[in-house]
Participant: 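Below is the structure I would like to discuss, written out as structure tokens.
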Amino acid sequence: MNTQTQTQIQSELPKTYNPKDVESKWYPKWKNGKYFKAKKGKLNKTFSIIMPPPNVTGKLHMGHALDNTLQDVLIRYKRMKGFETLWIPGVDHAGIATQAVVEKKIWDEQKKSKHQIGRKEFLKTIWEWKDAHQGLIIEQLEKLGISADWDYFVFTMDPIPNEAVRKVFVKWYQEGLIFQTDYIINWDPTIQSAISDAEVEHKEVKGAFHYIKYLLKDATSAAADVAVDHLIIATTRPETLLGDTAVAVNPDDERFKHLIGKKIIIPIVNREVPIIGDNHVDITLGTGCLKVTPGHDFNDFEIGKRHNLPIVNILNKDGTINDVALDYQGLNVIAARAKIIKELEEQGLYIKKEDCIHQVGHGQRSSSIVEPMVSKQWFVNVKKMAQESINAVNENEMRFFPKNWENTFFSWLREPKDWCISRQLWWGHQIPVFYCENENCNHIWASVDDLEKVQSDGCPKCKGKIHQDPDVLDTWFSSGLWALSTLGWPNEKAMKEKSFDKFFPTSTLVTGFDIIFFWVARMMMMTLNNTGQVPFRHTYIHAIVNDKHGRKMSKSLGNGIDPLELIEQYGTDAMRFTITAGSGYNRYLNLDPAQTEGYRNFINKLWNAFRFIHPFLKEERALDLELHSNNHDLNNFLTHHDRWILSALNSVADICNKAIDEYRFDDASLAIYSFVYDKFCSWYIELSKPILYGADVEEKRKRISILKYIFRKILALLHPMVPFITEELWENLKEEGEDLLIVQEYPESNKKLDFISDQNNMNKFIEIICSIRNLRQSVNVKPKDEVDIHIFIDNPELKNYLLQNASSLSDLAKVKALNCNLLSQKSTQNTPAKSISLATSDCEIYLPLSGLIDIEEYVGRLKKDLQKTEVEFGKLKMKLENKNFSENAPSEVVAEVKDKAQELEKKLNSLRSMIANL
RNA sequence: AGGGCCAUAGCUCAGUUGGUUAGAGCGCUACCUUGACAUGGUAGAGGUCGUAAGUUCGAAUCUUAUUGGCCCUACCA
């Protein structure tokens, strides 16, 4: 190739990499080329992941970007390693969230409530909305470059997941694990549904203790002493007195125990209730007297059960006071509280108020205050499956990465409460329980058959008319079956089509710690219970994304980062690399767009490294190790620098493999990053320039083949993290007939390419060049100006190496004449008189000066170095003289310290003689 | 109240089982447009690892206490 064509090629490539065109080009090629589909690889092993399904309502946020990028890195890595890989994507119906969005939409457009529209019509609208929205989420996921098998795509309310839900529900119903009962549950008045314990978040709220007098029955006045004609109750929720059905004291409380069995009057409602003795009451807390409201307090509910107290419900479904007290009917809790306090004051029953801060439950979705309320709900007894899940983790059937997350998992499963699974919503899997409407029959049963079939069959006992339970299941009920239903379970035909046996149990679950309870634990329980197997072998818990100062991203703070904007600005690869470089075993990832900018620069660096070798590519094939079947041959073929870069590459490949296997994406990313910058670009490319522009054709051909070899490996190592640019560049580097990079082999370390002495020599060589540059800058020599250098070397082998590579040294340190002697030959005659110098452990380097220098400053530098070295040497010497050290420390540690001490001693001597000779 | 996590350079973080002079990115300073790249290059400044005590030949790393921050669970009349 002549110079003219070289220039032409170079001008075709822009100086800066443009991610947009490349990204839009490659995704369709991979997808349409079926590269995301599972194919048998060289290992004859499978690797499968189920994607945590994003909500169908959602807009992709940073958490999704992180979650999916890491899964994609694993999938691409394993695919290249030769696993048969399958990544199953999906979307969640997200019961409450979706219903709320569509309800609002209908209200905005038609000013109609869902009840006005009717259940059937409402569900039809919501399905239409879902179909329209699902595509948006998929489109956004594709922008991340994820290599999921879209043919496997599942929606949580598709027929198969629905079949799974019905099957499990009926099984548990028949086993008695699912039961319906009146129980105190968390009621979300905004959503107007029960929610599970896990969906309640406790937040600190300013409140107050209100001290209220309750008069004893037959009390003559309200003025006399406590325990004579009244009791004082402290409460943060005075309005709940409308539902009080007892007052409790501790049976051992000397102050009050004589009152047990007597009657007391609830103010306002003037209800006569018993005073009871219960050990739950803490004598030391509050006033020692406790109002008991079994309908609206978890503890009181338990007390009520023990004492057979009636339950009075004071709230409507929307959280307002019901007809229990007509004066208060329709007021919300806050208003009712104020009105009650006022009325108590008027009656002289209100004593005082003490401000306090207390924890109040809020609905995770609605953020409104959750009201404990008694209602009829469906529950699952999960005790046994919880224990099975704990066992599975203890027996390493499923492992957490990082391991300590298993404690969180255990803490939830150790004492599990019954799981409230019914929701008073319309959008979701409807509970497959049917009721016979014939009053003489009243049969209740669960059926796996769909509604139409059950309806046409009628009641199995009396053939009467039937109806289905109107409630739907908690979203997590279907999510809990995700590992099974995405692979077709329980439908045998679908399982066969989706190769259930091949891909189940899945390999790794990648998710955040915030849903260990909601999801990881439930999937474990439900999958173990139904198949006896774990849903996945590993769970990698990744970081939660925060802003750059570690604050949660939130709308109110306005500190959210939109991944699509980040992609728009810096490209998908840069965003992905920010994520991988920041993901290891950390709990949080504090995301700073400046980092992404830095990694965008890295991508650009890679692009330009390619621009450099590009004109030469057509001239030569990549180095083929097969051609050099024995080490001797290979050694002869390679130069010092070739052996050095190949060994360095080898170490990086080793690190990348080990790191990704252990989910240390950060270690893998940073290792290859630093290889590209600090080894390949800074040194190997620089060292190659004279050869590529030089006259020695044979040498040039060899160098091109190695550059090409290294660059191909770099692209392969980087591909899982930054798939787009690597695939784009691969197109130029692949040999005739080679397939896309996405299916190339992932590099592994190769013992044949470990050249230890070349690594050592090169490190010394770099140290010498940096020292010369340091000297040059310290006296302001212009970068272009060439200088004379005198080096005295302690070690003959290194001297030899230096002479062999003298031209490289000249190039990189701009040295005009190199004068190199052994240190033993140093004398006043051959040491430049007027010079500045610097010492390493192996050599003394002198830069002769023609002009004047600032002796003071220069001597200061030498002295500073001397002092530092003396301190270090002193430390090591003390260590060596300490018998305890030489006797107790491992011999290799002692040997290392000895070596180091020797090196420092040499350097000390050099520095001292330099200072003395000034 | 119980449990867990964190504290390392101006900022954000690495630092494997205790073992050479504690690392990176960004930021900062000086110099440089050199035939891949100013989204660049070269050189450099800057931490003794929250505090205190202890174990050890040796501690950022282990133990205890303490301060500050975060999270989870339970509950508060």
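Values reported hereafter were calculated over all heavy atoms of this structure, with side chains retained and with hydrogens, waters and symmetry mates removed. Letters A, B, ... are given to chains in the order of the sequence lines, protein chains preceding strands, and every chain is numbered from 1. Everything numeric in this text was worked out from a predicted model, so none of it was measured.
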Participant: What's the closest nucleotide to the side chain of A/N586 if the choices are B/U42, B/C5, B/A14?
Facilitator: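 In terms of side-chain proximity for A/N586, the closest of B/U42, B/C5, B/A14 is B/A14.
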Participant: Is it the case that the base of B/C37 and the side chain of A/K605 share a donor-acceptor contact (distance under 3.5 Å, atom types as modelled)?
Facilitator: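 By the distance-only test, yes, there is a pair.
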Participant: Output every pair passing side-chain hydrogen bond (donor to acceptor under 3.5 Å, both in side chains) with a member in residues 671-681 of chain A, not counting sequence neighbours, ordered by first then second residue.
Facilitator: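 Every candidate side-chain hydrogen bond (donor to acceptor under 3.5 Å, both in side chains) pair involving residues 671-681 of chain A fails, so no pair, neighbours aside, qualifies.
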Participant: Nearest of B/U12, B/U20, B/U39 to any side-chain atom of A/N601?
Facilitator: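 Of all the options, the side chain of A/N601 is nearest to B/U39.
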Participant: Does any donor-acceptor pair link the side chain of A/E686 with the base of B/A36 at a separation under 3.5 Å?
Facilitator: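 A donor-acceptor contact between them is present.
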Participant: Could you measure between the two P atoms, the one in B/G25 and the one in B/A36, and give it in whole Å?
Facilitator: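 Approximately 24 Å lies between the P atom of B/G25 and that of B/A36.
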Participant: Any protein N or O atoms within reach of nucleotides 45-49 of chain B? Criterion: under 3.5 Å, listing atom names and distances.
Facilitator:
none

Participant: Find the distance A/K907:NZ to B/U21:P and express it as a whole number of Å.
Facilitator: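 The answer, rounded to whole Å, is 13 Å.
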Participant: Sort me out a list of protein N/O and nucleotides 56-61 of chain B N/O pairs below 3.5 Å, or just none if empty.
Facilitator:
residue	atom	partner	partner atom	Å
B/C57	O2'	A/N882	ND2	2.8

Participant: Which word best sums up how the rings of A/Y211 and A/F209 line up, parallel for under 30°, tilted for 30 to 60°, or perpendicular for over 60°?
Facilitator: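 Judged by the thresholds at 30° and 60°, the geometry between A/Y211 and A/F209 is perpendicular.
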Participant: Please tell me which of A/T869 and A/Y588 maps to the more 5' nucleotide of RNA chain B, matching each residue to the nucleotide holding its nearest heavy atom.
Facilitator: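 Mapping each residue to its closest nucleotide by heavy atoms, the 5'-most match is A/T869.
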Participant: Within the pair A/R600 and B/U39, is there a side-chain N or O less than 4.0 Å away from OP1 or OP2?
Facilitator: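 Answer no for this pair, as no side-chain N or O of A/R600 is under 4.0 Å from OP1 or OP2.
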Participant: Rounded off to whole Å, could you give me the CZ-to-C1' distance for the A/F665 and B/A24 pair?
Facilitator: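 From A/F665 CZ to B/A24 C1': 20 Å.
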Participant: What are the two closest non-hydrogen atoms of A/A813 and A/I769, and how far apart are they?
Facilitator: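 Looking at all heavy atoms of both residues, the shortest contact is CB-CG2, 4.2 Å.
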Participant: Check salt bridge (charged side-chain N to carboxylate O under 4.0 Å, His left out) between A/K403 and all other residues, then give those that pass, not counting sequence neighbours.
Facilitator: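 Partners of A/K403 under the salt bridge (charged side-chain N to carboxylate O under 4.0 Å, His left out) test: A/E406.
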Participant: When we call it a touch if two heavy atoms are under 4.0 Å apart, what does A/N774 touch: a base, just sugar-phosphate, or nothing?
Facilitator: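 A/N774: backbone/sugar contact only, no base atoms under 4.0 Å.
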Participant: Taking any heavy-atom pair under 4.0 Å as a contact, classify A/L904: base, sugar-phosphate, or nothing.
Facilitator: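 Base contact.
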Participant: Can you check the distance between B/U12 and B/G47, where both ends of the measurement are the C1' atom (answer in whole Å)?
Facilitator: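 So the two C1' atoms sit 15 Å from each other.
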Participant: Which stems does RNA chain B form, counting runs of 3 or more consecutive Watson-Crick or G-U wobble pairs with both distances under 3.5 Å?
Facilitator: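 Detected stem regions: B:1-7 with B:67-73, B:10-13 with B:23-26, B:28-32 with B:40-44, B:50-54 with B:62-66.
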Participant: Pair A/F711, A/L729 - check side-chain contact (heavy atoms from CB on, under 4.5 Å), show working.
Facilitator: CA-CA 9 Å; A/F711 208 91; A/L729 297 184; 4.0 Å; yes
Participant: When A/K291 is tested against each of A/V273, A/I264, A/L241 for side chain to side chain contact (heavy atoms under 4.5 Å, CB included), which residue passes?
Facilitator: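 When A/V273, A/I264, A/L241 are each tested with A/K291, the side chain to side chain contact (heavy atoms under 4.5 Å, CB included) holds only for A/L241.
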Participant: In whole angstrom, give the distance that lies between atom CZ of A/F409 and atom C1' of B/C71.
Facilitator: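 Result: 19 Å.
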Participant: Whole Å only: how far is the CG atom of A/D514 from the C1' atom of B/C5?
Facilitator: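 Value for this atom pair: 16 Å.
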Participant: In the structure I gave you, are the side-chain heavy atoms of A/Y585 and A/N404 within less than 4.5 Å of one another anywhere?
Facilitator: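 When only atoms from C-beta onward are counted, A/N404 and A/Y585 do not touch, as no gap falls below 4.5 Å.
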Participant: Give A/F577 one of three labels, base, sugar-phosphate or nothing, depending on what nucleic acid heavy atoms sit under 4.0 Å from its own.
Facilitator: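 Counting heavy atoms under 4.0 Å across all strands, no contact is made by A/F577.
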Participant: Within this structure, what is the CG-to-P distance between A/D811 and B/U34, rounded to whole angstrom?
Facilitator: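 That distance rounds to 16 Å.
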Participant: Given B/A36, B/C5, B/U20, which nucleotide is nearest the side-chain atoms of A/E872?
Facilitator: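 Output: B/U20.
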Participant: Tell me whether the side-chain N/O atoms of A/R587 come closer than 4.0 Å to OP1 or OP2 in B/C5.
Facilitator: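 For A/R587, the contact criterion (side-chain N or O under 4.0 Å from OP1 or OP2 of B/C5) is not met.
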Participant: As a test of reading the structure: which of B/U42, B/G19, B/C71 is closest to the side chain of A/V893, going by heavy atoms?
Facilitator: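 The answer is B/G19, which lies nearest to the side chain.
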Participant: Counting only side-chain heavy atoms from C-beta out, which of B/G44, B/A36, B/U39 sits nearest to A/C681?
Facilitator: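 So the nucleotide nearest the side chain must be B/A36.
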Participant: Compare side-chain N and O positions of A/K15 against OP1 and OP2 of B/A38 and report whether any pair is under 4.0 Å apart.
Facilitator: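 Looking at the OP1 and OP2 atoms of B/A38, one of them is under 4.0 Å from a side-chain N or O of A/K15.
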Participant: Rounded to whole Å, how long is the line connecting atom CG of A/N780 with atom C1' of B/U29?
Facilitator: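 After rounding, the gap between these two atoms is 14 Å.
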Participant: Tell me: CZ of A/F513 to C1' of B/C5, nearest whole Å?
Facilitator: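 Rounding to the nearest Å, CZ of A/F513 and C1' of B/C5 are 10 Å apart.
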Participant: Check this one for me: any side-chain N or O of A/Y693 less than 4.0 Å away from OP1 or OP2 of B/A36?
Facilitator: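 The answer is yes; a side-chain N or O of A/Y693 sits under 4.0 Å from OP1 or OP2.
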Participant: Please find the pair of heavy atoms, one from A/N546 and one from A/M553, that lie closest to each other, and give the distance.
Facilitator: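 Looking at all heavy atoms of both residues, the shortest contact is O-CE, 3.5 Å.
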Participant: So does A/Q777 reach the base of B/U42 with its side chain, donor to acceptor, closer than 3.5 Å?
Facilitator: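 Between B/U42 and A/Q777, which were checked side chain against base, a qualifying N/O pair under 3.5 Å is present.
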Participant: A/K900 near the nucleic acid: base, sugar-phosphate alone, or nothing, with a heavy-atom cut-off under 4.0 Å?
Facilitator: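 Contact class for A/K900: base.
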Participant: Name all residues meeting the salt bridge (charged side-chain N to carboxylate O under 4.0 Å, His left out) criterion together with A/K875; count only those two or more places apart in sequence or in a different chain, and write none if there are none.
Facilitator: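 Expected list: A/E872.
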Participant: Which comes earlier along RNA chain B counting from the 5' end, the contact point of A/N404 or that of A/L591, where each point is its nearest nucleotide?
Facilitator: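 Result: A/N404.
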Participant: For nucleotides 74-77 of chain B, which of its nitrogen or oxygen atoms have a protein nitrogen or oxygen under 3.5 Å away, and what is each distance?
Facilitator:
residue	atom	partner	partner atom	Å
B/C75	O3'	A/N299	ND2	3.1
B/C76	OP1	A/N299	ND2	2.7
B/C76	N4	A/Q359	N	3.1
B/A77	O4'	A/A234	O	3.2
B/A77	O3'	A/A234	O	3.2
B/A77	O2'	A/A234	O	2.7
B/A77	N6	A/D282	N	3.1
B/A77	N1	A/D282	N	2.9
B/A77	N1	A/D282	O	3.4

Participant: Under the rule for side chain to side chain contact (heavy atoms under 4.5 Å, CB included), what residues qualify as partners of A/D253, not counting sequence neighbours?
Facilitator: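 Per chain and number, A/D253 pairs via side chain to side chain contact (heavy atoms under 4.5 Å, CB included) with A/N250, A/R255, A/F256, A/I283.
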Participant: Tell me every residue that passes side-chain hydrogen bond (donor to acceptor under 3.5 Å, both in side chains) with A/N657, counting only those two or more places apart in sequence or in another chain.
Facilitator: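 Expected list: A/Y77, A/K81.
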Participant: State which residues pass side chain to side chain contact (heavy atoms under 4.5 Å, CB included) with A/P19; sequence neighbours excluded, sorted by chain then number.
Facilitator: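 So A/P19 forms a side chain to side chain contact (heavy atoms under 4.5 Å, CB included) with A/Y17, A/E23.
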Participant: Applying side chain to side chain contact (heavy atoms under 4.5 Å, CB included), can you list everything that pairs with A/K353, at least two apart in sequence or on another chain?
Facilitator: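 Result, side chain to side chain contact (heavy atoms under 4.5 Å, CB included) vs A/K353: A/A208, A/H210, A/Y350, A/D355.
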Participant: Distance only, no hydrogens: is a donor on one side chain within 3.5 Å (strictly under) of an acceptor on the other, for A/T293 and A/D244?
Facilitator: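 Yes, a side-chain donor-acceptor pair sits under 3.5 Å.
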Participant: Passes side-chain contact (heavy atoms from CB on, under 4.5 Å), A/K605 versus A/N601? Steps please.
Facilitator: CA-CA 6 Å; A/K605 186 82 178 170; A/N601 296 352; over 6 Å; no
Participant: Side chains of A/P372 and A/D297, heavy atoms from C-beta outward: is any pair under 4.5 Å?
Facilitator: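 No, too far: nothing below the 4.5 Å cut-off.
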Participant: Tell me: CG of A/L775 to P of B/A43, nearest whole Å?
Facilitator: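 It works out to 12 Å between those atoms.
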Participant: Check whether any side-chain N or O of A/R664 sits under 4.0 Å from OP1 or OP2 of B/G15, and answer yes or no.
Facilitator: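 Looking at the OP1 and OP2 atoms of B/G15, one of them is under 4.0 Å from a side-chain N or O of A/R664.
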Participant: The criterion is ring pair (Phe, Tyr, Trp, His ring centres under 6.0 Å); which residues satisfy it with A/F665, sequence neighbours excluded?
Facilitator: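 Partners of A/F665 under the ring pair (Phe, Tyr, Trp, His ring centres under 6.0 Å) test: A/Y540.
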